[in-house]
Amino acid sequence: MMFTTHMDLALEEARAAASRGEVPVGAVIVGPNGAVLATAGNRTREDCDPTGHAEILAMRAACARIGSERLVGCDLYVTLEPCPMCASAISQARIARVYYGASDPKSGGVAQGPRVFAHPQSHHVPEVYDGIASVECKALLKAFFAERR
């Protein structure tokens with residue numbers, strides 16, 4: 001089976017989030033058959049919701065679409081390393097693989113900080129692949145924050 005990345009679509013969602021004044025993070029959920037189930041960008045400010053991270057929104061939409069609280073066999077593409085909240089939700093949803101772009105030394109929860117998937121309390125540990133389109137993902141974040149400083 002040939003690997004197909006969906007990070008370009010996640011980057012589109014991140015750019016859309018930035019245009020709304022949100023931190024530019026985008027996420028895509030892909031089903032076991034390779035079909036895109038859901039896409040989302042951050043909406044914490046727009047929705048006045050601290051849980052409105054791209055990953056959470058994409059998982060909610062994908063779960064609603066398939067009619068299940070689990071996303072078994074699904075893949076998540078996200079432009080930034082998931083935070084601890086999102087990493088825990090990824091585990092709860094039983095996502096098979098996580099592909100992320102930029103690492104997040106300040107707020108990451110996968111390879112940084114609490115390393116949620118390494119804890120014995122983690123119900124499920126997905127395969128994790130980092131650095132996918134990291135140059136583009138990092139550049140988008142840096143440009144966004146440079147405009148605000």
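The shown structure was predicted, so the numbers you read here are calculated from the model rather than taken from an experiment.
- Contact between R70 and C63 at its shortest, heavy atoms only, is N-SG, 4.4 Å.
- Taking 4.5 Å as the limit, some side-chain heavy atom of V128 sits within range of a side-chain heavy atom of F117.
- Between I95 atom CD1 and E55 atom CD the span is 9.0 Å, to the nearest 0.5 Å.
- Under a hydrophobic clustering in which Ile, Leu, Val, Met, Phe, Trp and Tyr are joined whenever their side-chain heavy atoms come within less than 4.5 Å, directly or via other members, Y77 and L11 fall into the same cluster.
- Two different hydrophobic clusters hold L80 and L57 under the rule that ILVMFWY side chains link at heavy-atom gaps under 4.5 Å.
- At a threshold of 4.5 Å between side-chain heavy atoms, the hydrophobic network of Ile, Leu, Val, Met, Phe, Trp and Tyr places M85 and V23 in one connected group.
- Salt bridge absent: E12 and R15 never bring a charged side-chain N and a carboxylate O closer than 4.0 Å.
- Distance check, rounded to the nearest 0.5 Å: NZ of K142 to CD of E147 gives 15.0 Å.
- At a threshold of 4.5 Å between non-hydrogen side-chain atoms, the residues L141 and P24 count as touching.
- Rounding to the nearest 0.5 angstrom, the gap separating the CD1 atom in I56 from the OG1 atom in T51 is 6.5 Å.
- Taking every heavy atom of both residues into account, A87 and G109 meet most closely at CB-O, 4.2 Å.
- Between T44 and P50, every side-chain heavy-atom pair lies at or beyond the 4.5 Å cut-off.
- Rounded to the nearest 0.5 angstrom, I132 CD1 and Y100 OH are separated by 10.0 Å.
- To the nearest 0.5 Å, atom OG of residue S91 and atom NE2 of residue H119 are 11.5 Å apart.
- Within the cation-pi definition used here (under 6.0 Å to the ring centroid, within 45° of the axis), R97 does not qualify as a partner of Y99.
- Smallest separation of non-hydrogen atoms from A14 and L140: CB-CD2, 3.4 Å.
- The side-chain heavy atoms of V36 and I29, taken from C-beta on, include no pair separated by under 4.5 Å.
- In this structure, N33 contributes its side chain and A35 its backbone to a donor-acceptor pair below 3.5 Å.
- Placement of Y129 and V110 in two distinct hydrophobic clusters is found when ILVMFWY residues are connected by side-chain heavy-atom separations under 4.5 Å, directly or transitively.
- Distance check: H123 NE2 to R94 CZ gives 6.5 Å after rounding to the nearest 0.5 Å.
- For the pair P120 and S122, the minimum side-chain heavy-atom distance is 4.5 Å or more.
- Of all heavy-atom pairs between G101 and C137, the closest is CA-SG, 3.8 Å.
- Contact annotation: the side chain of I90 approaches that of P126 to within less than 4.5 Å [non-hydrogen atoms, C-beta and beyond].
- Closest approach of R65 and L37 over heavy atoms only: NH1-O, 3.1 Å.
- A salt bridge is absent between R45 and E22; no separation between the charged side-chain nitrogens and carboxylate oxygens falls under 4.0 Å.
- Under the 4.5 Å side-chain criterion, counting only non-hydrogen atoms from C-beta, R43 is not in contact with H53.
- Remark: the backbone N or O of D104 is not paired with any side-chain donor or acceptor of Q112 at under 3.5 angstrom.
- Proximity of P32 to C74: side-chain heavy atoms (C-beta onward) are separated by under 4.5 Å at one or more points.
- Across every non-hydrogen atom of S107 and P84, the tightest pair is O-CD, 3.3 Å.
- Put simply, V98 and V125 are part of the same group of oily side chains (I, L, V, M, F, W, Y) that touch within less than 4.5 Å, one to the next.
- Between H6 and the choices L76, V28, T39, D75, the side chain to side chain contact (heavy atoms under 4.5 Å, CB included) rule is met once, by V28.
- With R20 contributing its side chain and N42 its backbone, the two residues share a donor-acceptor pair below 3.5 Å.
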